[in-house]
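Because the structure is predicted, anything quoted here is derived from the model rather than measured.
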Amino acid sequence: MPDIPATTPRARVRVPLRFADGYGADAELVTFHGLTDGREHLAVVLGDPGPVPLVRLHSECLTGDVFGSARCDCGPQLREAVERIADRGGILLYLRQEGRGIGLYNKIDAYALQDEGLDTYAANAALGLPEDARDYTAAAQMLIALGVTELDLLSNNPDKAAQLRALGIAVRDRVPTGVFTTAHNIHYLRAKALQTRHTLPLAELTELTAG
């Protein structure tokens with residue numbers, strides 16, 4: 001296993017989660033000491049995790065998770081993940097990586113460029129920023145601190161699985177999330193399928209963007 005600095009749980013607290021559609025789940029929220037990037041990431045433990053829990057790495061999205069923005073699929077993915085993980089038992093890591101790691105203000109700047117016709121990755125590049133700046137070392141630290149070294153990953157993003165494996169976490173299976181399309185996020189989802197090989201129905205998305 002790569003030499004990753006050890007981290008330890010800082011606090012654990014039970015919190016009942018309630019969503020706007022009426023769904024609810026009881027969760028244990030866990031904070032940590034010693035995360036390499038110094039950010040306040042959070043583990044949300046749901047259900048009864050077994051030896052190979054279902055895990056999602058969910059990057060913070062203020063616009064989608066909180067305000068329900070239809071320009072991305074983050075809010076629906078978060079809602080889906082909580083229910084699926086609670087049913088099976090596992091962990092959602094809520095990672096403070098707004099805008100694929102470029103931050104909220106830069107993400108809004110990128111939105112403005114997308115309104116001019118650039119896709120989400122080209123907009124980041126036009127701002128002199130990485131297409132995806134996320135590093136999952138802290139996520140691996142959190143999982144190891146919680147005793148998880150093998151998991152099934154709830155994600156359409158192959159880079160998440162690749163990074164976790166490189167960090168010594170065994171990803172047994174990558175489980176796709178649902179596909180949550182709106183009139184405002186079709187081009188965004190198609191760019192993810194094309195540029196970073198997300199597990200998304202490219203033919204269907206291409207047909208929708210051409211319609």
Which heavy atom of K107 sits nearest to which heavy atom of I102, and what is that distance? N-CD1, 3.8 Å
Set of residues satisfying side chain to side chain donor-acceptor pair (under 3.5 Å) with respect to D37, sequence neighbours excluded: H41
Interatomic distance, I4 atom CD1 to I144 atom CD1 [nearest 0.5 angstrom]: 4.5 Å
Results of side chain to side chain donor-acceptor pair (under 3.5 Å) for S69 - residues two or more places apart only: none
Using atom types as modelled and distance alone, determine if a side-chain donor or acceptor of Q97 lies under 3.5 Å from a backbone N or O of R134. no
Minimal non-hydrogen separation, Q77 against N156, with atom names: NE2-ND2, 3.8 Å
Is it possible for you to say whether V13 and M142 belong to one hydrophobic cluster, with membership spreading through side-chain heavy-atom contacts below 4.5 Å? no
Less than 3.5 Å apart, any donor N or O on the side chain of T63 or R71 sitting next to an acceptor on the other? no
With sequence neighbours left out, what residues match H58 under ring-ring contact (aromatic ring centres under 6.0 Å, His included)? Y94
Shared hydrophobic cluster for F32 and I91 (ILVMFWY, side-chain gaps under 4.5 Å): yes
Do L46 and L17 have side chains that get closer than 4.5 Å, going by heavy atoms? yes
Is I169 reachable from V30 through a run of I, L, V, M, F, W or Y residues, each pair having side-chain heavy atoms under 4.5 Å apart? yes
Y111 side chain near I108 side chain, heavy-atom distance below 4.5 Å: yes
K160 and D132 ion-paired at < 4.0 Å: no
Can you tell me how far apart CZ (R96) and CG (L62) are? Round to the nearest 0.5 Å. 9.5 Å
So if you build clusters from Ile, Leu, Val, Met, Phe, Trp, Tyr with side-chain heavy-atom gaps below 4.5 Å, do L95 and L151 land together? yes
Quick one: pull up CG in L78 and CG in L92 and give me the separation to the nearest 0.5 Å. 6.0 Å
Whether N124 side chain and L129 backbone form a donor-acceptor pair below 3.5 Å: no
Restricting to pairs with a member in residues 19-29, which pass side-chain hydrogen bond (donor to acceptor under 3.5 Å, both in side chains), not counting sequence neighbours? R12-E28, D21-R79
Does the pair L153 and V175 meet the rule for a side-chain contact (heavy atoms from CB on, under 4.5 Å), with working shown? CA-CA 6 Å; L153 185 66; V175 182; over 6 Å; no
Using 0.5 Å steps for rounding, measure from the OG1 atom of T137 to the CG atom of L167. 4.5 Å
Sidechain-backbone polar pair: R100 side chain, E131 backbone, donor-acceptor under 3.5 Å: yes
Under the rule for side chain to side chain donor-acceptor pair (under 3.5 Å), what residues qualify as partners of D48, not counting sequence neighbours? none
Against D152, only a single residue in R174, R56, R88 fulfils side-chain hydrogen bond (donor to acceptor under 3.5 Å, both in side chains); can you say which? R88
For V52, which fellow cluster members are found when Ile, Leu, Val, Met, Phe, Trp and Tyr are connected by side-chain heavy-atom distances below 4.5 angstrom, either directly or through intermediates? none
Please give me the minimum heavy-atom distance between L146 and A43, naming the atom from each residue. CD1-CB, 3.9 Å
V44 side chain near V15 side chain, heavy-atom distance below 4.5 Å: no
Of all the heavy-atom pairs spanning P53 and G90, show the shortest one and how long it is. CB-CA, 3.8 Å
Flag yes if more than 12 heavy atoms outside E40 fall under 6.0 Å of its CD atom; otherwise flag no. no
Are F67 and L104 connected in the hydrophobic side-chain network, where two residues link if heavy atoms are under 4.5 Å apart? yes
Closest non-hydrogen atom pair between L54 and I85, with its separation: O-CG2, 3.8 Å
Measure the shortest side-chain to side-chain distance between P5 and Q141 over non-hydrogen atoms and say whether it is less than 4.5 angstrom. yes
For R39, does the CZ atom have more than 12 heavy-atom neighbours from other residues, nucleotides or ligands under 6.0 Å away? yes
Heavy-atom nearest pair, L118 first then A126, reads CD1-CB, 3.9 Å
Backbone N/O of A140 and side chain of Q163: donor-acceptor pair under 3.5 Å: no
Kindly indicate whether the side chain of L57, heavy atoms from C-beta on, has any atom under 4.5 Å from the side chain of L164. yes
Pair N157-S155, side chain to side chain donor-acceptor pair (under 3.5 Å): steps then yes or no: CA-CA 5 Å; N157 185 351; S155 177; 5.4 Å; no
Rounded distance (nearest 0.5 Å) linking atom CD of E98 with atom SG of C61: 5.5 Å
